[in-house]
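Below is one structure, written out as structure tokens, with a few remarks after it.
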Amino acid sequence: METSPVAKRSLASNSIGVAHIVFFVVAAAAPMAAVVGATPPAFAFGNIGVPGAFLLVGLLYLIFSAGFTAMARNVSSAGGFYTYISRGLGRPLGVGGAFLAIATYFTVQIGIYASLGVFTHAALAPLSVELPWWVWSLLVLLAVSWCGQRHIVFSGRLLGFCMIAELLILSLFAAGVIFHGGGPEGLTMAGLKPTDIFSPGIGVTLVFVVSAFIGFEATVIFGEEASNPDRAIPRATIAAVTIITLFYALVSWAVVQYYGASNVASKANESLEAFYFSAIAGTLGEWSIVAMNLLLLTSFFACLLSFHNTLNRYFFALGRDGLLWTGLSRIHNTNASPHIAGRVQAVLVAAILIGFTMANADPYAVVFSWMVAFAGIGILAIQILVSISIIAYFGRTPHDHSALRVYVAPAVAGLALLAAFIQVSRNLPLLTGSESVIVTMFPIFVLVIAAAGVATALRIRRTNPALYDRLDTTFAAATAEA
């Protein structure tokens, strides 16, 4: 029996701890998929500063986290960035941020489903299993949707298992490179030097590196279900960002050492798909290729499950607030999950994938590349708004935090994120390999989506003041009722 939104409007509190939240964030970063699938193009463009870029962007997000986690004491809703922006900059911009967040998570999911379909088709073709990429994508969608309807602890444990397996084999590779003293040029600082980072191709590098941190807000989105969120959210945020930063920097630095700084670009251009497979097989042995293929697919799955759960909670929060169909706020009586939101999301994802298939769009060159590129600039735009909202919120709310944490750090992060947004926007044709006018208009689409959210909120304020006054406050009401 399903619980009605009136009877129960909050998710299961005290269900997950710091470790579960970290698993969601790091799984969304998809260690294996990000390393094997995302960094080779950056190397191929001649920028060997990928390891240093991870450290630079990681430092930026740690600075961002200072104000982000400070505000988390007052904002622990499944609405994530939507609630942050609403509390800081007002409901119209909050709804604009929500619209943009939904578009961002939808597009990145579509891209990853397409990529997973391609890799699964390639992995099983030698076994005479010849199914189109979209069939695999839809089958995985069914599995992700089923897992997303289970209790949140189920997903947390599954993601933890996948994440540990991925980190283990990539760590073995890095350790093997160090143990053998590197490749033809030995162990050097190549890839970490400023001249390597800020070289041609930095815009392409940034979009892939920033994409590795998408899902960052899961620390707050799952705060509603966390045990002691005041402590769990800051700890999980710092832990997740630190793990992503150091691990990706280490593995990408190791591959530079394996091939040698002067050979990395040419090796990546020879074969993007084999770039890491060859390096890891050369370091660990041929057995690792089978393990890599399997873990690459589980990495995609874990990433999709994490994003699925995140977007479920966005739909749930917006349904609970009345911005979307209120049925999205229904909670499963047994699993305490937003199961209706998950079903609706799965149907929409399936429809979009089928639409791309009917249009004969290339699953990798178009669906994956375009969707990830859009998601990259979309998440940067949202994080810029959040940085500004943190400053605005603490500017009018009594607090005991230092000015460095709630004013200076968000300001520095916001300016750096703005610079990254501009740099990435300028390199979109290079990044996607397409001169299509649609690609060049991605930054405009981001602004239009946000503006549509603002216009929606203003229309609600004019036509339904009672609903407008409830926006971003239903979590507190639901908690009080519980």
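What's counted below: heavy atoms across the whole structure, side chains too, no hydrogens, waters or symmetry copies. Model, not experiment: these values are computed from the prediction.
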Can you tell me how far CG of Leu59 sits from CZ of Phe64, rounded to the nearest 0.5 angstrom?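 Phe64 atom CZ to Leu59 atom CG measures 14.0 Å (nearest 0.5 Å).
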Drop me the distance from Ile112's CD1 to Leu304's CG, to the nearest 0.5 angstrom.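 So the gap between those two atoms works out to 5.5 Å.
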Not counting sequence neighbours, which residues clear side-chain contact (heavy atoms from CB on, under 4.5 Å) with [X]? List them please.
{"X": "Ile352", "result": "Phe106, Ile110, Phe356"}
{"X": "Ala451", "result": "none"}
{"X": "Val347", "result": "none"}
{"X": "Phe368", "result": "Ser115, Tyr364, Val372"}

Tell me if the centroids of the rings in Phe119 and Phe300 come within less than 6.0 Å of each other.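 Distance test on ring centres: under 6.0 Å, yes.
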When the ring centroid of Tyr61 is compared with that of Phe68, is the distance short of 6.0 Å?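 Judged by ring-centre distance (under 6.0 Å), Tyr61 and Phe68 do not meet the cut-off.
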Just to verify, what does Phe315 make a ring pair (Phe, Tyr, Trp, His ring centres under 6.0 Å) with, not counting sequence neighbours?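 Partners of Phe315 under the ring pair (Phe, Tyr, Trp, His ring centres under 6.0 Å) test: none.
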For Phe275, check ring pair (Phe, Tyr, Trp, His ring centres under 6.0 Å) against everything at least two apart and list the hits.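 Per chain and number, Phe275 pairs via ring pair (Phe, Tyr, Trp, His ring centres under 6.0 Å) with Phe43, Tyr259.
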Counterpart residues, side chain to side chain donor-acceptor pair (under 3.5 Å), relative to [X] (two or more places apart):
{"X": "Ser271", "answer": "none"}
{"X": "Thr188", "answer": "Gln257"}
{"X": "Gln345", "answer": "Gln109, His308, Asn312"}

Would you check if [X] and [Y] make a side-chain contact, meaning some heavy-atom pair closer than 4.5 Å?
{"X": "Thr242", "Y": "Leu62", "value": "yes"}
{"X": "Val349", "Y": "Leu353", "value": "yes"}
{"X": "Leu428", "Y": "Phe374", "value": "no"}

Listing, residues 190-199 side-chain donor-acceptor contacts under 3.5 Å, not counting sequence neighbours, or none:
residue	atom	partner	partner atom	Å
Asp196	OD2	Gly191	N	2.9
Ser199	OG	Asp196	O	2.9

What heavy-atom pair brings [X] and [Y] nearest, and what distance separates the two atoms?
{"X": "Leu417", "Y": "Leu380", "result": "CD2-CD2, 3.6 Å"}
{"X": "Val135", "Y": "Leu131", "result": "CG1-CD1, 4.1 Å"}
{"X": "Pro51", "Y": "Ile48", "result": "CD-O, 3.4 Å"}
{"X": "Ala268", "Y": "Pro40", "result": "CB-O, 3.6 Å"}
{"X": "Leu116", "Y": "Phe301", "result": "CD1-N, 3.9 Å"}
{"X": "Ile85", "Y": "Gly97", "result": "CD1-CA, 4.0 Å"}

Would you give me the side-chain donor-acceptor pairs under 3.5 Å for residues 122-130, sequence neighbours excluded?
none

Do other residues, nucleotides or ligands put more than 12 heavy atoms under 6.0 Å from Leu139 CG?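 Yes, CG of Leu139 has more than 12 neighbouring heavy atoms, counting only those of other groups under 6.0 Å.
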Working for side chain to side chain contact (heavy atoms under 4.5 Å, CB included), residues Trp370 and Phe442: CA-CA 9 Å; Trp370 288 26; Phe442 279 175; 4.2 Å; yes
Strictly by side chain to side chain donor-acceptor pair (under 3.5 Å), give each pair with a member in residues 276-288 just once, sequence neighbours left out.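 Listed by first then second residue: Thr39-Tyr276.
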Looking only at atom types and distance, does a side-chain atom of Ser145 sit under 3.5 Å from a main-chain N or O of Leu141, one as donor and one as acceptor?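 Such a contact is absent between Ser145 side chain and Leu141 backbone.
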